[in-house]
Structure formats: C-alpha cells, structure tokens
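Labels below follow one simple rule: chain letters A, B, ... track the order of the sequence lines, proteins then strands, and each chain is numbered from 1. What you see below is based on every heavy atom in this structure, not just the backbone, and it leaves out hydrogens, waters and symmetry mates.
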Amino acid sequence: MDEALLAQLTSSQRKAVLHKEGPLLVLAGPGSGKTRVITCRIAALIDSGVRPYNICAITFTNKAAEEMRQRAAALGASGGAHISTFHSLCVRILRRYAQAAGMRPNFSIYDAADQSKCVKQAVKDCRLDGTNFPPARMLDAISTLKNKLIDAQSFQERAEDFFSRTLSQVYTRYQQILAEQNGLDFDDLLMKVAFLLESDSTVCGELANRFRFLLIDEYQDTNHAQYRLAKALALSHGNICATGDPDQSIYRWRGADIRNILAFEKDWPQAVTVKLEENFRSTAAILRVADSLIARNKNRKQKTLVAVRTDEGRVSVEICDDEAAEADAVARQVDALLGQNVPAGQIAVFYRVNSMSRALEEAFVRHRVPYQVVRGVEFYNRKEIRDVLAYLKVLANPADEVALLRVINTPARGIGKVTVDRAKAFAVEHGLTLSEALTQADRIGGVSGAAKTKLSAFARLLDKLRQDLVGPVAPLAERVLAESGLEQSFKGTGQEGQDALENIGELINAAAAYDQQTAEPSLLDYLQQIALFSDTDAYEATSERAALMTLHAAKGLEFDHVFVIGLEDGLLPHERGSGDGDELEEERRLFFVGVTRARTNLYLSYARYRTVRGQFLRTVASPFLFELGLDQMVQDDEESEDDFDAFTEYRRTQPSPVRPRPAAAKPAEPLFAPGQLVRHKTFGLGRVQKFADLGANSVVTVQFNTGQTKSLLLQYANLSKV
DNA sequence: TTATAATTACTTTTT
DNA sequence: GTAATTATAA
C-alpha cells in the first residue's frame with residue numbers, strides 16, 4: 001500500500017482502510033470519500049497478501065461496479081477481484097451451481113413486462129377476475145414476499161384470510177409458469193441464491209472459501225434476501241465490510257430494509273464501526289440546508305455533516321408559472337453557466353418522476369443546450385429492440401414461451417391467435433414446451449394445413465438459427481435480423497421502419513462492443529447481463545452534456561451545479577409516498593440525496609401551476625422547502641444578489657403572490673377529475689374513474705379500495721376530496 | 001388472419 | 001393524455 005496515499009487520508013478513513021479482518025461497518029455521510037475508502041481497502045487487502053480472487057465487492061449498480069474496477073486498477077489492485085452487483089453475482093452463482101439450485105443454466109431473466117405477462121396468465125389459470133385481482137397488485141405482493149424470502153409453499157401454509165389465500169394460489173401458479181419456461185425474475189435471482197446458500201453447505205462452503213473478504217456498498221438499501229445472502233456468505237469467516245448511510249436509504253418501496261444497517265453491530269458483535277462525517281464535496285451553504293432538512297426525520301441516528309470546504313456556495317429557489325416556464329428558467333440558467341465556461345458535464349437536473357424530463361428536453365433543445373437524459377433501459381424497451389432480443393432469448397432458452405410468443409408472428413407470417421392457442425393446447429396436452437410442439441406441427445389438431453406449414457417453417461427457422469450459437473453475439477444478431485424477415489418488414493415502411501432499423505443497428509453495435517470487451521463472449525452471458533442494466537449505466541460521466549435524471553438515478557453521483565425541480569407538495573414528496581410517516585421520511589431522504597449531490601451551487605425550483613395527467617392544476621409549495629432553513633440563507637445572500645436575476649430567493653415570511661392564471665389555462669376544472677382521491681361515508685377511500693358533468697345530475701364513477709367500482713349521483717353521494 | 005377502431009387501464013421511484 | 005388490449009370489419 002502506497003504510504004503517500006495513506007498519508008492523504010483522514011484518521012477515520014485510514015482506520016477503515018486498515019481494518020482488514022473481521023466485521024467492519026463504515027457509516028459514511030454524503031461526500032465523505034467512501035468510494036475512495038473502499039477502493040483503498042481493496043488495495044490494502046491485496047497489499048497484505050490477500051489474493052484478489054478471494055475478494056468480492058458488491059455495488060449498487062453495474063456502473064458503480066465498473067467504476068470501482070477502474071479505480072482499483074488505478075491503485076494497482078488490478079484484476080481478479082470480483083466486483084459486481086448482488087444480482088450479477090447471483091446470476092454467476094446460479095449458472096455455476098444450476099444443478100444444485102434445481103435449474104438449467106440457460107435461464108431467462110424476466111423483466112417487468114415479462115413478469116406481467118406471466119402473472120396475467122397465472123391469474124387466468126386460477127380462474128380469477130382480473131379486475132378484482134389486478135396483476136400489478138399481485139406482482140407487487142409477490143415481489144414483497146420474495147424479498148422477504150417467503151416462497152410460494154411457506155406462504156401457502158401461513159395464508160389465512162381470503163386475499164392471502166388467493167394471492168397464494170396466484171403465487172404458486174406464477175412460480176410454476178416461470179419454472180416451466182426456465183425463467184427467473186429479479187427477485188428469484190436473490191431468493192434462489194439465498195436459499196441455496198442456506199440449504200447446501202457444500203456450495204456455501206465453496207463460495208465462502210472463494211469470497212473470503214466481502215465488501216458491500218450502499219448497505220442501507222439492501223433487502224432482506226440480500227441481507228441473508230451476505231450473512232450466509234460471511235458467516236464462516238466474518239470478513240464482512242458494509243458501507244452506507246441510513247440517511248440515503250431510498251429504496252424501501254423495493255424491499256430495502258434500513259434495519260439491516262442499523263442492526264449491523266448486533267448481527268456482528270465483534271464489529272468495528274467507523275464514522276465518516278466530514279464532507280469533502282459540498283460548500284457550507286449546501287450542507288447547511290441538507291442538515292436542516294434531514295434533521296426533520298424522527299427515525300434516524302443523529303449525525304452532522306461537517307464541511308471541509310471553506311468557500312461559500314449558493315442555494316437559490318426559483319418560483320415559476322408552470323412547468324414550461326420552469327424548464328425554460330433551468331435551460332437559461334444552464335446556458336448562463338456554460339457562458340461562464342462551466343463544463344456541461346458538471347451540471348445536472350434532477351426530478352422526481354421520469355415524465356418531467358419532457359418539458360426540460362424541449363427547453364434544452366430550444367436553448368441549444370447539450371444534454372443527455374440518463375435513462376438507459378428506455379432503449380431496451382423499444383418495440384423493435386425487444387423483438388430482436390426476444391429472438392435471441394428463444395434461441396438461448398427454447399423453453400422461454402414469453403419470448404417465443406412475442407416473435408412467433410413478428411414480422412407477420414400468418415400465424416394468428418387461433419393457431420397459437422391450438423399449438424399451446426397441444427403442448428399442454430402432451431407435456432411439451434411450445435417450442436417442442438412447433439417441431440411436430442403437423443400433429444396439432446384443429447389447425448389448417450396452411451397454418452401447419454407456417455408453424456413448421458417457423459420451427460425450421462429457429463432450428464437453423466440455433467445451429468451456430470457459440471461465440472460472439474453481434475454476428476448472431478445480424479443473422480436474426482436478416483433471416484427472421486424483420487429487416488425485410490422494416491424496409492418498406494418509410495421513416496418509422498428506417499428509425500427501427502437504425503435502433504437495431506445500435507443494438508448490434510452494443511453487442512459488438514460486448515464481444516470485444518468480454519474474454520469469452522456468449523449469447524447467454526450477454527442476455528443475462530443486459531437484463532440487469534440500469535438507467536445509471538447509460539450515464540457517460542465524461543460527456544460534455546448536462547445530465548437529466550430522476551432523483552433515484554442520482555445516487556452516488558456528484559456535480560458542481562445541481563438543479564432539483566418540481567418542489568411541490570404531491571410531487572416531492574410524491575403523493576403516493578406521503579401516506580405514513582415512514583414514507584414521508586423516505587421522500588425526505590430522496591430529496592436529501594439530491595441536495596447532497598451538489599458540490600458548489602444548488603438551484604431549486606417549483607411551478608405554481610403544473611399539468612398533471614392532462615390537467616392544468618394549481619400547486620402547493622413542497623413542505624420540504626420550509627425545512628431547508630432558508631431564512632438564514634436569504635439574509636446571507638442578499639448583498640451579492642445582483643447577477644442572479646433569474647433566480648429569486650424564496651422567503652418563508654412572504655408567501656408567493658397569487659398571480660392571475662396564465663392565458664393558456666383551461667376552462668373551469670370539473671369538480672372531480674379522473675384520478676382524484678375521494679372519501680365516501682360507507683365505501684371509504686377510492687379513486688375517481690369517470691366524471692360526467694351534467695350539472696345537478698352529474699355522475700361520478702369511483703373505484704373504491706375495497707375493489708368495487710360504483711357510479712354515484714353527485715348530489716347524493718356526499719363525496720369529499722382527499 | 002390482419003388491419004383498424006374502440007375501449008379500457010394506467011399513470012413513482014428500479015435491480 | 002397515452003399505451004395497451006380487445007372488438008369489429010375486411
């Protein structure tokens with residue numbers, strides 16, 4: 001370990017780096033040099049004789065993993081250490097120990113869309129009404145169960161009330177469907193591995209022996225499955241280092257359990273805890289508001305952010321008329337910064353929901369400000385991309401029926417719904433997968449001769465494509481494009497088809513890049529990797545473009561100039577995340593994460609009116625704005641305000657004047673817009689679906705939380721808005 | 001079977 | 001307001 005490097009660290013950082021054996025908890029505030037500590041720790045371990053091969057570092061995203069690999073390599077700790085996400089690690093383990101886990105290694109990973117198809121099928125198979133048991137709700141519940149490591153069988157044993165028993169049926173059937181198709185969803189990856197480690201001492205022993213030093217970053221956002229998995233891996237040697245910040249836990253809705261980090265010392269009694277409270281990133285002005293904000297959370301351990309930087313930055317609040325004006329103000333301010341030679345890559349705009357990027361993009365285009373929307377998975381959600389990938393998935397995993405059904409008539413080759421249904425029935429009857437059924441199409445009953453020919457032809461196409469599956473992926477994708485007829489079908493369809501082909505070209509480029517970077521490229525590995533891509537993975541840090549992203553995607557990043565827009569009640573905090581106190585605290589942490597990404601200046605804004613689901617509505621300023629303690633700030637900043645005309649200071653004592661509504665405002669809004677939450681004396685809470693404005697005879701259709709939908713006469717219903 | 005029209009559901013964050 | 005599913009006609 002480089003002495004000079006060690007000398008640069010603070011004493012607590014050094015303590016964390018040099019504590020090599022046994023459990024270690026690093027409670028690291030934002031901007032405390034946590035990443036540096038982890039990479040130095042890896043280097044120090046290797047330096048003291050630990051083989052890189054025995055080190056396993058777990059990060060939150062693939063992007064973070066890649067960065068850590070590079071940083072470690074820069075410290076001379078190159079190669080050999082396993083650095084990846086929990087999910088990627090699980091894929092590797094499941095491929096290696098497929099048999100022990102009771103599966104085949106060429107499994108498909110099902111994303112939200114695939115899951116939705118399967119759960120719909122499951123609901124149908126259980127003969128349930130899709131309206132009373134919405135697939136999305138079922139899927140959510142199943143995911144929660146899996147994150148708690150409750151499998152279908154043990155849930156069945158404990159399901160008592162009607163809803164649970166129904167859910168249990170769907171869960172069981174859903175798992176069957178996945179198993180038949182050799183498919184796993186995201187939660188399965190974790191659950192399977194956790195169970196495997198806990199039940200198979202041979203496998204667990206082998207892996208614990210391989211990964212003798214475990215480092216887990218962003219520990220505050222691990223869920224119960226990840227917690228159990230990590231514990232099982234580290235149990236024998238106790239070399240587990242967890243780093244994180246309870247104040248930055250923002251994935252509770254996804255099963256993250258903040259108690260994992262809070263109880264680390266109980267789980268590992270010999271644990272050494274190191275606190276990193278100094279902040280090297282942000283100016284004092286930013287840390288003051290961040291501190292003031294997060295102090296409002298009741299359920300937290302007291303911690304202060306200690307500023308190391310001595311220069312003053314600026315926090316400002318702009319109040320705009322509507323979202324277009326807000327976007328315009330942001331674009332103008334960014335443009336001004338670019339004029340002051342600030343690199344565009346040092347500017348970021350954060351928002352609560354993805355849909356808010358649209359207004360920003362329009363404004364940025366208008367002002368000719370270079371930008372990138374950090375939304376990597378969007379590309380993989382395009383129809384044509386999903387089509388090509390579905391072909392590849394069927395090739396790698398013939399049992400993957402979701403993928404097969406997607407491509408069987410894409411492009412249209414005369415295989416319609418009826419034919420597909422018959423083929424499915426035939427497969428079920430003979431205990432075959434759909435893929436296998438196609439190879440003996442001529443035996444399928446009730447299908448016309450012409451249809452049989454088409455099915456056989458399709459089966460032969462797959463067979464032909466499958467003949468040469470080994471090796472690089474890009475040539476394979478090209479063959480699929482040409483031989484499936486996709487290319488041909490896009491060629492006659494004008495601009496749209498042209499765009500689609502270009503996108504597919506991009507996909508092939510990406511595959512070629514994978515082929516080059518990977519020692520032993522294989523279709524299976526490629527598919528399993530891209531299934532785990534995240535939005536942040538698409539972020540190009542070196543880019544000369546301003547970054548636009550959600551607050552969630554902002555985790556782990558930092559910029560000189562940070563904009564957080566839409567500081568309105570119901571948006572940030574989001575209305576669906578302000579139910580109970582815990583949810584509100586998570587929204588506050590989310591905003592805290594956004595605020596603490598800023599190095600020098602922070603620009604906050606909100607719009608008095610915002611179009612929400614097509615409705616132009618008056619907004620209310622976010623309560624979080626009042627929690628920043630800006631009173632003080634306004635006084636501090638007042639003298640040097642001159643060059644800052646675009647951003648007016650927010651004053652708590654002086655409520656914003658109510659301006660007349662802009663001309664663009666729509667005529668009077670209906671009393672109850674669809675989507676409005678309402679309360680009824682007997683039916684309780686519900687959401688308005690339809691509102692027929694007929695004066696005194698207006699009819700409101702409300703879906704109540706009990707599941708039933710009622711049409712009520714407004715004058716008698718006595719509904720109150722919530 | 002396929003293309004178009006009509007209806008209906010879904011609108012938070014994501015590995 | 002949009003996307004996706006479903007009904008209908010060609």
Side-chain angles (χ1 to χ4, degrees), chain A residues 58-65 84-91 109-113 115-117 120 130-131 134-137 140 143 146-147 184-190 218 221-223 225-226 249-256 350-356 358 374-378 381 383 409-420 447-448 450-451 454 528-537 549-555 566 570-579 583 586-587 589-591 593-594 611-616 666 673-675 687 689-690 701 703 709:
Chain A
I58 295 171
T59 57
F60 197 71
T61 61
N62 289 301
K63 183 85 190 174
S84 75
T85 63
F86 265 113
H87 286 87
S88 297
L89 175 67
C90 288
V91 166
I109 298 172
Y110 281 2
D111 67 11
Q115 283 179 290
S116 165
K117 290 238 163 71
K120 271 180 197 157
T131 37
R137 199 64 50 82
D140 213 51
S143 173
K146 287 184 178 179
N147 284 330
L184 296 177
D185 63 24
F186 290 125
D187 304 314
D188 281 332
L189 294 172
L190 301 171
E218 308 286 8
D221 278 320
T222 50
N223 62 30
Q226 292 165 328
S249 169
I250 55 175
Y251 282 97
R252 196 181 88 115
W253 52 272
R254 206 174 78 183
F350 304 149
Y351 36 83
R352 179 63 235 266
V353 297
N354 280 301
S355 60
M356 291 167 75
R358 227 173 91 180
V374 181
R375 191 125 206 260
V377 296
E378 209 172 43
N381 281 333
K383 188 187 170 299
N409 200 30
T410 315
R413 48 171 72 87
I415 303 175
K417 192 174 171 293
V418 180
T419 310
V420 171
V447 172
S448 71
K454 287 166 182 163
Q528 292 178 347
Q529 268 195 33
I530 62 166
L532 300 177
F533 271 172
S534 67
D535 281 347
T536 16
D537 295 334
M549 68 187 90
T550 63
L551 284 159
H552 283 89
K555 175 176 183 149
L571 193 55
L572 183 61
H574 198 275
E575 58 175 338
R576 290 183 67 163
S578 15
E583 285 182 329
E586 174 144 316
E587 292 288 312
R589 290 194 292 269
L590 185 59
F591 183 35
V593 166
T611 315
V612 186
R613 289 178 222 122
Q615 300 239 324
F616 196 68
K666 304 245 162 60
R687 198 175 279 279
Q689 289 203 312
K690 244 193 250 166
T701 310
Q703 178 165 37
T709 304

Who passes side chain to side chain contact (heavy atoms under 4.5 Å, CB included) against [X], sequence neighbours left out?
X	value
A/V91	A/R95, A/F107, A/I109, A/L189, A/Q528, A/L532
A/K146	A/I142, A/Y171, A/Y174, A/Q175, A/L178, A/D185, A/D187, A/D188, A/M191
A/R252	A/D580, A/D582, A/E583, A/E586
A/S355	A/V353

So which protein N/O to nucleotides 6-10 of chain C N/O distances come out below 3.5 Å?
none

In whole Å, what separates the P atom of C/dA4 from that of B/dT13?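 About 15 Å, rounded to a whole number of Å.
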Distance check needed: B/dT12 P versus A/R137 CZ, whole Å only.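 For the pair A/R137 CZ and B/dT12 P, the rounded distance is 11 Å.
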Mind listing the N/O atom pairs, protein and nucleotides 13-15 of chain B, below 3.5 Å?
| from | atom 1 | to | atom 2 | distance (Å) |
| --- | --- | --- | --- | --- |
| B/dT13 | OP1 | A/N354 | N | 3.0 |
| B/dT13 | OP1 | A/N354 | ND2 | 2.8 |
| B/dT13 | O4' | A/R352 | NH2 | 3.3 |
| B/dT13 | O2 | A/W253 | NE1 | 3.2 |
| B/dT13 | O2 | A/R352 | NH2 | 2.6 |
| B/dT13 | O2 | A/H552 | NE2 | 3.4 |
| B/dT14 | OP1 | A/D535 | OD2 | 3.3 |
| B/dT14 | OP1 | A/T550 | OG1 | 3.2 |
| B/dT14 | OP2 | A/N354 | ND2 | 3.4 |
| B/dT15 | OP1 | A/S534 | OG | 3.1 |
| B/dT15 | OP1 | A/D535 | N | 3.4 |
| B/dT15 | O4' | A/R254 | NH1 | 3.3 |
| B/dT15 | O3' | A/H87 | ND1 | 3.3 |
| B/dT15 | O2 | A/H87 | NE2 | 3.2 |

Under the salt bridge (Lys or Arg N to Asp or Glu O under 4.0 Å) test, which residues partner A/R254, sequence neighbours left out?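 Counting only residues at least two positions away or on another chain, A/R254 forms no salt bridge (Lys or Arg N to Asp or Glu O under 4.0 Å).
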Apply salt bridge (Lys or Arg N to Asp or Glu O under 4.0 Å) to A/E218 and list each qualifying residue two or more places apart in sequence or on a separate chain.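 Checked A/E218 against salt bridge (Lys or Arg N to Asp or Glu O under 4.0 Å); matches are A/K34, A/K555.
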Test ring pair (Phe, Tyr, Trp, His ring centres under 6.0 Å) applied to A/F60 - qualifying residues, sequence neighbours left out: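 Partners of A/F60 under the ring pair (Phe, Tyr, Trp, His ring centres under 6.0 Å) test: A/Y251.
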What pair of heavy atoms forms the shortest contact from A/D221 to A/I250, and how long is it?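 Heavy atoms of A/D221 and A/I250 come nearest at OD1-N, 3.1 Å.
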